[in-house]
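Structure first, commentary second.
Residues take their numbers from the sequence shown, with the count starting at 1. Owing to the predicted nature of the structure, the values given are computational and were not obtained by experimental measurement.
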Amino acid sequence: MPTQIYHNPRCSKSRQTLELLQQQHADIELVDYLKNPPDRETLRKLLGLLGMAPRQLMRKGEAEYRELGLDNPDLSPDALIDAMVAHPRLIERPIVIHNNKAALGRPPEAVLEIL
């Protein structure tokens with residue numbers, strides 16, 4: 001099964017993580033999550049593999065985060081997941097999945113733990 005990377009080619013951390021995977025000779029499946037965003041079920045699975053709550057996987061510096069009022073502590077996990085599905089730019093990147101384990105490539109070397 002290939003190593004999946006939820007990738008944004010415009011992100012330097014995502015590019016560095018992809019390069020690191022290529023150096024490891026991994027069979028890589030690129031998922032351009034901005035063009036093909038994960039659905040609710042996939043996002044829940046990713047959060048479970050990462051051991052993260054939805055807010056931990058959100059890019060809080062994005063304009064949508066402020067505009068949509070996502071800093072409201074009363075929002076449910078489902079509401080945050082819905083926001084990430086509707087606005088995939090809010091999803092932190094890159095996410096790497098290998099052998100049913102996941103890691104966030106921040107820093108890129110963090111993904112080596114699951115390879």
Side-chain angles (χ1 to χ4, degrees):
M1 184 166 215
T3 299
Q4 280 188 319
I5 177 171
Y6 282 77
H7 179 63
N8 177 350
R10 296 183 62 183
C11 170
S12 64
K13 295 291 185 211
S14 198
R15 289 192 309 270
Q16 290 168 9
T17 301
L18 177 58
E19 186 177 321
L20 192 60
L21 292 173
Q22 290 167 333
Q23 290 170 359
Q24 299 294 315
H25 306 290
D27 179 18
I28 300 166
E29 177 188 340
L30 275 179
V31 178
D32 186 335
Y33 72 95
L34 294 177
K35 292 181 182 173
N36 300 299
D39 60 19
R40 223 167 191 269
E41 184 179 322
T42 302
L43 204 47
R44 283 184 196 279
K45 181 180 177 189
L46 289 172
L47 287 164
L49 289 173
L50 289 164
M52 292 181 154
R55 194 176 305 278
Q56 292 175 292
L57 192 60
M58 296 184 92
R59 296 177 56 81
K60 296 166 188 72
E62 294 294 337
E64 290 96 332
Y65 190 81
R66 289 182 304 281
E67 291 165 3
L68 297 170
L70 297 173
D71 57 344
N72 179 345
D74 295 331
L75 289 174
S76 70
D78 284 340
L80 297 174
I81 288 170
D82 287 344
M84 287 188 278
V85 169
H87 305 275
R89 244 174 36 147
L90 289 168
I91 302 170
E92 190 60 86
R93 68 214 175 219
I95 302 168
V96 174
I97 297 103
H98 179 76
N99 287 339
N100 215 28
K101 295 179 184 170
L104 188 61
R106 294 192 168 264
E109 295 77 22
V111 303
L112 295 175
E113 295 173 15
I114 65 166
L115 296 181

Could you check whether any side-chain heavy atom of R93 comes within less than 4.5 Å of a side-chain heavy atom of R59, counting everything from C-beta outward?
yes
Heavy-atom check, side chain of I5 versus side chain of L30, under 4.5 Å
yes
Once rounded to the nearest 0.5 Å, what's the spacing between atom NE2 of H25 and atom CG of D27?
13.0 Å
Hey, what do you get for CD (E29) to CE (M1), rounding to the nearest 0.5 Å?
7.5 Å
To the nearest 0.5 Å, atom CD of E92 lies from atom CE of M52 at 8.0 Å
Does the side chain of H98 come within less than 4.5 Å of V111's, by heavy atoms?
no
Within a strict 4.5 Å, meaning less than it, do heavy atoms of the P108 and K13 side chains meet?
yes
Work out which heavy atom in V31 is nearest to a heavy atom in N36; give both atom names and the distance.
CG1-O, 4.3 Å
Which atoms form the tightest heavy-atom contact between R55 and D71, and what is the distance?
NH1-CA, 3.8 Å
Looking at CD1 of I81 and CG of L75, how far apart are the two atoms once the value is rounded to the nearest 0.5 Å?
12.0 Å
P88 versus V85, closest heavy-atom pair with distance
CD-O, 3.9 Å
Are more than 12 heavy atoms from other residues, nucleotides or ligands located less than 6.0 Å from atom CD of E113?
no
Do the non-hydrogen side-chain atoms of P94 and L18 ever get within less than 4.5 Å of each other?
no
Atom NZ of K60: over 12 foreign heavy atoms under 6.0 Å:
yes
Side chains of I91 and Y33, heavy atoms from C-beta outward: is any pair under 4.5 Å?
yes
Pairwise distance OG1(T3) to CD1(I97) - rounded to 0.5 angstrom
9.5 Å
Sequence neighbours excluded - salt bridge (charged side-chain N to carboxylate O under 4.0 Å, His left out) pairs with any residue from residues 40-51
R40-D82, R44-D78
Which heavy atom in A102 sits nearest to a heavy atom in L49, and how many Å separate them?
CB-CB, 3.6 Å
Under 4.5 Å between any side-chain heavy atoms of P54 and L47, yes or no?
yes
Applying a strict under-4.5 Å side-chain criterion to I, L, V, M, F, W and Y, I'd like to know whether L34 and I95 cluster together.
yes
Who passes salt bridge (Lys or Arg N to Asp or Glu O under 4.0 Å) against E64, sequence neighbours left out?
R89
Please report the closest heavy-atom contact between G61 and R66, naming both atoms and the distance.
O-NH1, 3.2 Å
I28 with L115, same ILVMFWY side-chain cluster at under 4.5 Å
yes
How many angstroms lie between atom OG of S14 and atom CD of E19, to the nearest 0.5 angstrom?
12.0 Å
Using modelled atom types and a 3.5 Å cut-off, is there a donor and acceptor pairing between side-chain atoms of N99 and backbone atoms of K101?
no
Applying side chain to side chain contact (heavy atoms under 4.5 Å, CB included), run through L112 and Q24 and close with a yes or a no.
CA-CA 9 Å; L112 295 175; Q24 299 294 315; 3.9 Å; yes
Within one Ile-Leu-Val-Met-Phe-Trp-Tyr cluster: L104 and L80, side-chain cutoff 4.5 Å
yes
Test of understanding: clusters of I, L, V, M, F, W, Y form through side-chain heavy atoms closer than 4.5 Å, transitively. Do L20 and Y6 belong to the same one?
no
State plainly whether one hydrophobic cluster holds both L68 and M84, where clusters connect Ile, Leu, Val, Met, Phe, Trp and Tyr through side-chain heavy atoms under 4.5 angstrom apart.
yes
